[in-house]
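I have placed the structure first, in the form of structure tokens, so that the comments after it can refer back to it.
In each ligand, atom 1 is the first atom listed, and ligand 1 is the first ligand listed. Computation of the quantities below employed the complete heavy-atom set of this structure, encompassing side-chain atoms and omitting hydrogens, waters and symmetry-equivalent molecules.
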Amino acid sequence: MPVYISSRNRENSCTSHEAVIQGLAADGGLYTPASIDSCIDVKDLIHASYQETAMAVLQAMCSDYSHEELHACVYGAYDTKFDTDEIVPVTATRDGWMMELWHGPTSAFKDIALTILPRLLTAAYRKENRNDLVSILTATSGDTGKAALSGFADVPHTAITVFYPEIGVSAIQKMQMRTSRGNNVKVIAVRGNFDDCQRMVKEAVSSAKVKNACHGVTISSANSINAGRLIPQITYYFYAYAQLVKRGAVRCGDPVSFCVPTGNFGDILAGYLAKLLGLPVHKLICASNSNHVLTDFFETGTYSLDREFITTISPSMDILISSNLERLLFMLSGNDDAFVRKCMADLQEKGSYSIPRDMLEEMQKTFAGAWADEDACRREIRRMYEEEGIVIDPHTSVAFCGLKQYRKASGDDTPCIVLSTASPYKFSKDVLASLGAEETDDDFAAMEKLHELSGMPVPKGLAELKELPLRFHEVIDIEDGMKTIAKRMEELSHD
Ligand SMILES: *Cc1c(COP(=O)(O)O)cnc(C)c1O
């Protein structure tokens, strides 16, 4: 059974269901599998459905859950909430394959994990016979927020509070969150950026003020710092690979690369876990936007925050502190918690850390970095439409730019699957502008126009936004974070 240990104290260990309940470890570390042995043979999954593939992955990673529990979670999550039976369709483009991860209820790839996380949490809760309330605190750069609100709405024994940067998420993303349904949800805007929101949520876990306000309330997280977010994301790497084999594009066992538009490093880390589980992954190409702290890190081995935070048209990747990188450092150092603590302390105190040369070289065997500025991202959206008739969102465009840059620099043309992480409709205005179409200030007019151009159906969850009332109006300063969270915990304690 895989044991999960904290990246900041390897003595702090637990099972997967305990890790799901806790979210972040109390020592501030991230629960990470202590070891993974190659144990899923993709040969057995070539004809498997998405759900069957998810079962294989979850059984390998969460064997403390019973088969029945996992079955209920998987089949409850991946159903008609998704607008296609395939759940994650894989389509061909000129430069590579594209897996479409945005067919879920909120039109972003976060749905894949956040439709199942509440089920894994509820099942974990039953296993432990608990009767406290699990209070989910979530920071969002735009997409996690809505996917988590949708996943947790009215789930018994849970409450969810989402913090988003007041400036920096798209108008549609903001509307999606502020119109959320459910009696256990709350949405708060923060006068700060995503990193500020994430720091706030992490701080709350160890804040005495917050702890004192919790009576019968346990704090957890729906961010990718929760292992329960990470694990379900491994599934689509196996599934997409199998689709290529099924279509005769590669032979089973041949290496395939993946290009991942990256922010908090959760999505791409799931690809690394897929590799450790036995998937023939060649390279994981980490694509960034103008906030290319990761590109620089994979090149130099130094992670440095000494740069400006840039607001881009791919807001879900506007992140400078990429939380899940901590898990990679931990795994590649042979679970050296002291090393990770030192790196994280340096990051906090000096704004940077560096890793040893041999570790960097080890990393570069699998990971490569690339990045695209705003112009390149817009041009690629337009080129893809004009030359291939495919409309992609800005995050996906960053990934396609990254793939081209990587191929040019390395000469490596191994077949590659690009992760398409959001529906273009979520960013209608920017996509339209990139296409050179007549611009409009009205998001719904932009969706309509994009529909005319692309012929793709407008996702139901986005089309209906226009009719829904805005339920949430609160905006807070960063300094008031702990006070606000403590107050919310107090309210939940009395419910
Ligand atoms: C969250 C998100 C990303 C980045 O994923 P990470 O797991 O944070 O690296 C990329 N694209 C979209 C559309 C997202 O919502």
Side-chain angles (χ1 to χ4, degrees), residues 30 98-114 117 138-150 162 164-165 168-170 172-173 176-177 194-195 197-198 221-234 236-237 258-273 284-289 291-295 297-298 312-328 367 369 371-372 377 381 392-402 418-428 430-431 459 462:
L30 308 185
M98 176 161 79
M99 60 163 131
E100 299 179 1
L101 293 164
W102 38 264
H103 289 272
T106 76
S107 307
F109 96 93
K110 307 289 197 297
D111 284 327
I112 307 274
L114 285 163
L117 178 65
T138 291
T140 185
S141 55
D143 289 328
T144 292
K146 179 59 187 185
L149 289 159
S150 160
V162 167
Y164 71 90
V169 304
S170 86
I172 295 283
Q173 288 177 318
Q176 278 187 304
M177 290 188 274
F194 170 75
D195 291 323
C197 296
Q198 180 160 272
S221 168
N223 282 101
S224 53
I225 51 181
N226 191 318
R229 268 283 295 279
L230 212 52
I231 296 160
Q233 293 179 173
I234 300 169
Y236 45 75
Y237 286 89
F258 292 86
C259 184
V260 191
T262 302
N264 225 349
F265 210 71
D267 202 1
I268 195 167
L269 188 73
Y272 184 62
L273 296 178
L284 292 167
I285 303 157
C286 176
S288 300
N289 63 22
N291 297 291
H292 50 87
V293 59
L294 288 165
T295 318
F297 174 68
F298 285 119
T312 72
I313 60 169
S314 47
S316 302
M317 298 156 71
D318 290 346
I319 292 175
L320 292 183
I321 302 175
S322 213
S323 287
N324 278 288
L325 189 61
E326 179 170 342
R327 286 189 162 110
L328 184 66
F367 292 90
W371 71 279
C377 171
I381 292 175
I392 52 173
D393 95 290
H395 304 77
T396 307
S397 178
V398 165
F400 274 104
C401 292
V418 171
L419 278 68
S420 176
T421 48
S423 158
Y425 283 112
K426 256 190 130 154
F427 305 94
S428 293
D430 287 317
V431 170
L462 298 182

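Tyr425 is linked by a side-chain hydrogen bond (donor to acceptor under 3.5 Å, both in side chains) to Ser454, counting only residues two or more places apart in sequence or in another chain. Legend: residues meeting salt bridge (Lys or Arg N to Asp or Glu O under 4.0 Å) with Asp111, ordered by chain and number and at least two apart, are absent. Every residue two or more places apart in sequence or in another chain that forms a side chain to side chain contact (heavy atoms under 4.5 Å, CB included) with Ala227 is listed here: Tyr4, Ala19, Ile231, Arg327.
A side-chain N or O of Ser314 and one of Thr312 form a donor-acceptor pair less than 3.5 Å apart.
The aromatic rings of Phe109 and Tyr236 stand perpendicular to each other, their planes meeting at an angle above 60°, with 30° marking the opposite boundary.
Each of Pro261, Pro394, Ser141 was compared with Met317 under the side chain to side chain contact (heavy atoms under 4.5 Å, CB included) criterion, and only Pro261 meets it.
Every protein residue with a heavy atom nearer than 4.0 Å to ligand 1 is included here: Phe109, Lys110, Asp143, Pro261, Thr262, Gly263, Asn264, Phe265, Gly266, Asp267, Ser316, Met317, His395, Thr421, Ala422.
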